[in-house]
Amino acid sequence: MKLILARDVLAANDKIAEQNHALLSSKAVTAINVMSSPGAGKTTLIAETIRSLKQDLNIAVIEGDIQSTYDAEQISATGAQVVQINTGGACHLDAGMINESLGHIDLDAVDLLIIENVGNLVCPAGFNLGEGYKVMLLSVTEGDDKPVKYPMMFHESSALLINKIDLLPYIECSVEKIRTEALKIKPDLGIFEVSAKTGKGLDDWYRWLKKMVRRNGTQDEN
Ligand code: MG
Ligand code: ZN
């Protein structure tokens with residue numbers, strides 16, 4: 001019998017993540033790993049971000065889904081390079097899947113790589129992909145108890161987008177509570193209140209994203 005411990009799986013994953021990170025750094029590509037539960041609005045946000053920033057940045061996308069090419073088709077309509085990963089049941093992306101996908105992207109022509117993880121509030125946070133930053137989306141329809149119940153993803157993230165704020169008049173959700181609890185878990189978390197659908201609040205998100213790309217040295221200060 002062979003016993004494999006979770007920590008061995010994670011260590012093997014980290015090794016490949018380091019290779020991905022080295023490759024992305026050598027090509028001056030800034031990579032973000034976008035995580036959320038299913039239906040929080042990742043694909044809508046990513047498509048909107050590409051439409052708004054494609055004059056300034058060359059953006060490519062890796063789409064992670066258990067099944068289907070539905071999201072990749074939506075992203076493809078923006079004109080961005082896109083690779084779809086179907087995990088065939090796995091509930092998160094791992095570094096090996098990203099390693100393989102990177103071989104299908106012309107990294108020399110990319111400033112910003114957006115990785116859309118599988119919709120899941122739990123294990124995506126445990127698997128490094130070699131990204132520069134983890135970014136989390138939480139829609140207000142999911143409830144304001146999520147930081148308390150699922151702290152790990154908040155802890156691992158550099159930025160939190162509180163999405164679907166256009167729906168706040170119709171539901172019980174305290175954005176203040178999300179902010180307070182999330183900042184207890186991660187005091188330097190960047191928090192953006194947005195509606196990917198109406199565009200409200202997205203300018204601050206774009207500024208943050210451009211700052212991260214500039215910090216990586218691919219863009220001149222402007
Ligand atoms: Mg999606
Ligand atoms: Zn998983």
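Whatever order the structure lists ligands and atoms in, that order sets their numbers, starting from 1. Just so it is clear, the model here is predicted, and its values are computed rather than measured.
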Give every residue pair that meets the side-chain hydrogen bond (donor to acceptor under 3.5 Å, both in side chains) criterion with at least one member in residues 12-24, sequence neighbours excluded. Asp14-Asn128, Asn20-Asn99

Ile114 and Val135, any side-chain heavy atoms less than 4.5 Å apart: no

Test: Glu193 and Arg179 ion pair at under 4.0 Å: yes

Should Leu183 and Met152 be counted in the same cluster of Ile, Leu, Val, Met, Phe, Trp and Tyr side chains packed under 4.5 Å apart? no

Per the salt bridge (Lys or Arg N to Asp or Glu O under 4.0 Å) rule, what does the pair list look like for residues 149-164, sequence neighbours excluded? Asp145-Lys149

Using 4.0 Å as the upper bound for N to carboxylate O, is an ion pair formed by Asp108 and Lys27? yes

Kindly assign one of parallel, tilted or perpendicular to the pair Trp208 and Tyr133, based on the angle between their ring planes and the thresholds 30° and 60°. perpendicular

Side-chain (Lys54) to main-chain (Thr78) donor-acceptor, under 3.5 angstrom: yes

Excluding waters, which protein N, O or S atoms are within less than 2.8 Å of the Zn ion (ligand 2)? Cys91 SG, His92 ND1, Cys123 SG

Any protein N, O or S atom under 2.8 Å from the Mg ion (ligand 1)? Found Thr43 OG1, Asp71 OD2, Glu116 OE2

So Ile85 and Ile62, side chain to side chain contact (heavy atoms under 4.5 Å, CB included) or not? Walk me through it. CA-CA 7 Å; Ile85 299 172; Ile62 296 175; 3.5 Å; yes

